[in-house]
Structure formats: C-alpha cells, structure tokens
Amino acid sequence: MYSLSELHAQLSAFRAKLAEATEHTNRAVELLDEARETIVTAFEQAEPWVPPELAVAEDRLRQDVDRLVAADDLVNGYQARL
C-alpha cells in the first residue's frame, strides 16, 4: 500500500503522462489538418478529393483528446480530494 505522499507522486507522474499524450494527440490532429490543406491545395479543384480516412482519423484523434482531458480532470479531482 502506498503512503499519501507516494500516491500523490504516482498521480502527478500519471497526470504528466496524460499531458504528454494529449500534446502528441493534438500534434497529430494538426498534422492531419496540414495534410488536408496540402491535398486541397495540390488539386486546386472546386471540389477537391480528400481521402475519407483522413476525416475518420481526425475525428478519432479529437475523441482521444477529449478522453485524455476527461481522464486528467478525474485524476486531478481525485488527487485534490486526497
């Protein structure tokens, strides 16, 4: 069993990893946005073709960001109650 200070340290380390994962996921969303812009610019059509997988990947990454933020909120609330 962990002492209170050990538990706080473990939760802080976990929250740091959540923040890191959130940053990486946000960067992935940015890269997908850049890819979409590149595709649209390259084709310069009235209705450019964008792979449907791009939208699916972006949607899933945005959902992941939401989940990571929610997990951080939960851990933060739990840690505050300790």
Side-chain angles (χ1 to χ4, degrees):
M1 188 148 198
Y2 292 109
S3 69
L4 187 56
S5 62
E6 290 171 329
L7 187 54
H8 275 289
Q10 291 290 326
L11 288 172
S12 293
F14 180 72
R15 290 188 64 225
K17 291 297 181 184
L18 278 175
E20 185 179 329
T22 301
E23 287 177 27
H24 287 296
T25 305
N26 282 329
R27 180 64 181 137
V29 170
E30 290 172 10
L31 290 171
L32 284 174
D33 287 341
E34 289 175 19
R36 178 188 313 276
E37 185 177 324
T38 300
I39 291 168
V40 170
T41 301
F43 284 102
E44 295 185 16
Q45 299 176 22
E47 292 185 37
W49 176 81
V50 177
E53 295 84 5
L54 193 65
V56 171
E58 185 175 358
D59 189 45
R60 287 184 183 163
L61 285 170
R62 290 187 190 281
Q63 290 173 6
D64 288 347
V65 168
D66 291 344
R67 281 195 224 58
L68 290 166
V69 169
D72 185 56
D73 289 346
L74 288 171
V75 171
N76 188 34
Y78 177 74
Q79 191 172 15
R81 286 191 295 271
L82 291 177

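In this chain, residues are counted from 1 in sequence order. Worth saying up front: this structure is predicted, and the values here are computed from it rather than measured.
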Residue pair Ser12 / Gln79: nearest heavy atoms and the distance that separates them: OG-NE2, 3.1 Å
Residues Glu53, Arg60: salt bridge by 4.0 Å N-O rule: no
Over 12 non-hydrogen atoms of neighbours within 6.0 angstrom of CD in Gln10: yes
In one Ile/Leu/Val/Met/Phe/Trp/Tyr side-chain cluster, 4.5 Å: Val75, Leu68: yes
Spacing of Phe14 atom CZ and Asp72 atom CG [to the nearest 0.5 Å]: 8.5 Å
Atom pair CG (Asn76) and CZ (Arg81), whose distance is rounded to the nearest 0.5 Å: 9.5 Å
Shared hydrophobic cluster for Val40 and Val56 (ILVMFWY, side-chain gaps under 4.5 Å): no
Donor-acceptor contact below 3.5 Å, side chain Arg27 vs main chain Glu23: no
Lys/Arg-Asp/Glu bridge criterion (N-O < 4.0 Å) met for Arg62, Glu58: yes
Flag side-chain contact, heavy atom, 4.5 Å: Leu11 against Tyr2: no
Shared hydrophobic cluster for Leu74 and Leu7 (ILVMFWY, side-chain gaps under 4.5 Å): no
Smallest separation among heavy atoms of Ala35 and Leu54, with atom names: CB-CD1, 4.4 Å
Polar side chain donor-acceptor pair, Asn26 to Glu30, under 3.5 angstrom: no
Minimum side-chain heavy-atom gap Leu32-Leu61 below 4.5 Å: yes
